[in-house]
Colleague: 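Shown below is the structure under consideration.
Computed over heavy atoms, backbone and side chain alike; hydrogens, waters and symmetry mates excluded.
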Amino acid sequence: MSLFTDPNRIPENYGLRVAAGLTVYFLIMKFAGLLHVVELRMFNLVILVAGIFFALRKFKQTHEDHLNYFRALVTGVATGAIGSIGFAVFFWVYVSFLDPDLMQYIIDHEPMGRFLNPYISAFIVALEGVFSGLLVTFVLINYITTDEPTQGG
């Protein structure tokens with residue numbers, strides 16, 4: 001079984017999809033000249049919500065319609081973490097090697113910019129994404145029907 005068909009590798013599968021979605025959106029924003037529009041970054045949350053939602057739905061489909069609350073929590077948080085860390089690695093490579101001028105723009109225009117470098121910036125992106133994934137997962141698993149504690153799965 002490959003990573004994309006193994007029912008036990010759902011967080012990796014959908015986490016990579018989230019990272020790809022975030023990367024594509026970042027590049028679209030870059031080429032459209034809209035990276036400076038902070039409000040458009042909220043779409044990152046939509047990408048994260050969609051990825052975690054579809055990961056949880058896939059988990060339920062591949063496990064005989066069972067989704068234990070805590071397994072859902074682990075699946076969602078892992079999906080969000082893999083997606084966010086994957087995007088943070090791309091961001092680090094991008095501002096370090098491909099477009100150092102973007103890093104300089106961030107340093108010059110952000111309130112705490114003088115304290116930033118590519119490593120810290122990528123770490124902040126990853127940390128923000130992991131905690132957003134935790135919050136999104138918590139909200140979604142209270143929306144999606146999960147098993148009762150006495151049910152299997």
Side-chain angles (χ1 to χ4, degrees), residues 1-62 67 69-144 146:
M1 272 188 192
S2 77
L3 172 68
F4 297 105
T5 59
D6 188 350
N8 295 317
R9 308 286 304 266
I10 291 171
E12 294 94 332
N13 180 353
Y14 284 87
L16 291 174
R17 292 176 190 208
V18 168
L22 293 170
T23 301
V24 168
Y25 181 61
F26 175 85
L27 293 173
I28 289 170
M29 296 287 290
K30 170 67 177 165
F31 293 124
L34 298 172
L35 281 181
H36 65 282
V37 182
V38 178
E39 292 81 7
L40 292 176
R41 295 179 196 164
M42 288 299 293
F43 191 70
N44 290 345
L45 188 62
V46 173
I47 295 168
L48 188 65
V49 168
I52 292 173
F53 174 79
F54 287 119
L56 293 173
R57 192 174 81 174
K58 185 68 167 181
F59 185 93
K60 194 168 186 174
Q61 289 172 352
T62 58
L67 183 61
Y69 186 87
F70 293 107
R71 292 207 49 196
L73 186 64
V74 168
T75 300
V77 171
T79 301
I82 291 167
S84 299
I85 292 169
F87 176 69
V89 168
F90 161 78
F91 182 77
W92 175 78
V93 168
Y94 189 83
V95 297
S96 294
F97 305 110
L98 302 175
D99 190 5
D101 293 337
L102 176 60
M103 188 68 235
Q104 190 58 48
Y105 177 85
I106 293 169
I107 290 169
D108 293 340
H109 292 91
E110 293 301 319
M112 299 294 286
R114 66 178 188 221
F115 301 108
L116 296 178
N117 61 43
Y119 301 105
I120 298 297
S121 298
F123 176 75
I124 291 169
V125 167
L127 193 64
E128 178 182 302
V130 168
F131 281 104
S132 295
L134 179 63
L135 179 65
V136 165
T137 300
F138 180 72
V139 170
L140 283 176
I141 59 178
N142 286 297
Y143 169 73
I144 295 173
T146 56

Colleague: Look up atom CG in Leu102 and atom CZ in Phe91, then write down how far apart they are to the nearest 0.5 Å.
Modeller: 5.5 Å
Colleague: With side chain to side chain contact (heavy atoms under 4.5 Å, CB included) as the criterion, how do Ile120 and Phe115 come out once you've worked through the C-alpha distance, each side chain's angles and the decisive distance to 0.1 Å?
Modeller: CA-CA 9 Å; Ile120 298 297; Phe115 301 108; over 6 Å; no
Colleague: Verify side chain to side chain contact (heavy atoms under 4.5 Å, CB included) between Lys60 and Thr146, making sure each step is shown before the conclusion.
Modeller: CA-CA 9 Å; Lys60 194 168 186 174; Thr146 56; over 6 Å; no
Colleague: Hey, what do you get for CG (Asp101) to CD1 (Ile107), rounding to the nearest 0.5 Å?
Modeller: 11.0 Å
Colleague: Check the surroundings of atom OH in Tyr25: do more than 12 heavy atoms from other residues, nucleotides or ligands lie under 6.0 Å from it?
Modeller: yes
Colleague: Hey, are the side chains of Lys58 and Asn13 touching, using non-hydrogen atoms and a 4.5 Å cut-off?
Modeller: no
Colleague: Applying side chain to side chain contact (heavy atoms under 4.5 Å, CB included), run through Tyr69 and Asn142 and close with a yes or a no.
Modeller: CA-CA 9 Å; Tyr69 186 87; Asn142 286 297; 3.9 Å; yes
Colleague: Counting C-beta onward and ignoring hydrogens, is there a side-chain heavy-atom pair between Val136 and Phe53 closer than 4.5 Å?
Modeller: no
Colleague: Any chance you could measure Ile10, atom CD1, to Asn8, atom CG, to the nearest 0.5 Å?
Modeller: 7.5 Å
Colleague: Measure the acute angle between the ring planes of Tyr119 and Trp92, then classify it against the limits of 30° and 60° as parallel, tilted or perpendicular.
Modeller: tilted
Colleague: With distance as the sole test, does Thr62 use its side chain to make a donor-acceptor pair with the main-chain N or O of Phe59 at under 3.5 Å?
Modeller: yes
Colleague: Once rounded to the nearest 0.5 Å, what's the spacing between atom CD of Glu128 and atom CG of Leu45?
Modeller: 9.5 Å
Colleague: Is there a donor-acceptor pair closer than 3.5 Å between any side-chain N or O of Arg41 and the backbone N or O of Leu35?
Modeller: yes
Colleague: Starting at CG of Leu22, measure out to CZ of Phe90 and round the result to the nearest 0.5 Å.
Modeller: 10.5 Å
Colleague: Minimum heavy-atom separation for Ala88 and Ala126, please, with both atom names.
Modeller: CB-CB, 3.6 Å
Colleague: Would Arg17 pass as a cation-pi partner of Tyr14, given that its NZ or CZ must be under 6.0 Å from the six-membered ring centre and within 45 degrees of the axis?
Modeller: yes
Colleague: Would a 4.5 Å heavy-atom cut-off, applied to side chains only, mark Leu27 and Tyr94 as touching?
Modeller: yes
Colleague: Closest heavy-atom contact between Met103 and Ser121?
Modeller: CE-OG, 3.2 Å
Colleague: Once rounded to the nearest 0.5 Å, what's the spacing between atom CD1 of Ile106 and atom CG of Asn117?
Modeller: 11.0 Å
Colleague: Run the side chain to side chain contact (heavy atoms under 4.5 Å, CB included) check on Leu67 and Thr75 step by step: do they pass?
Modeller: CA-CA 10 Å; Leu67 183 61; Thr75 300; 5.7 Å; no
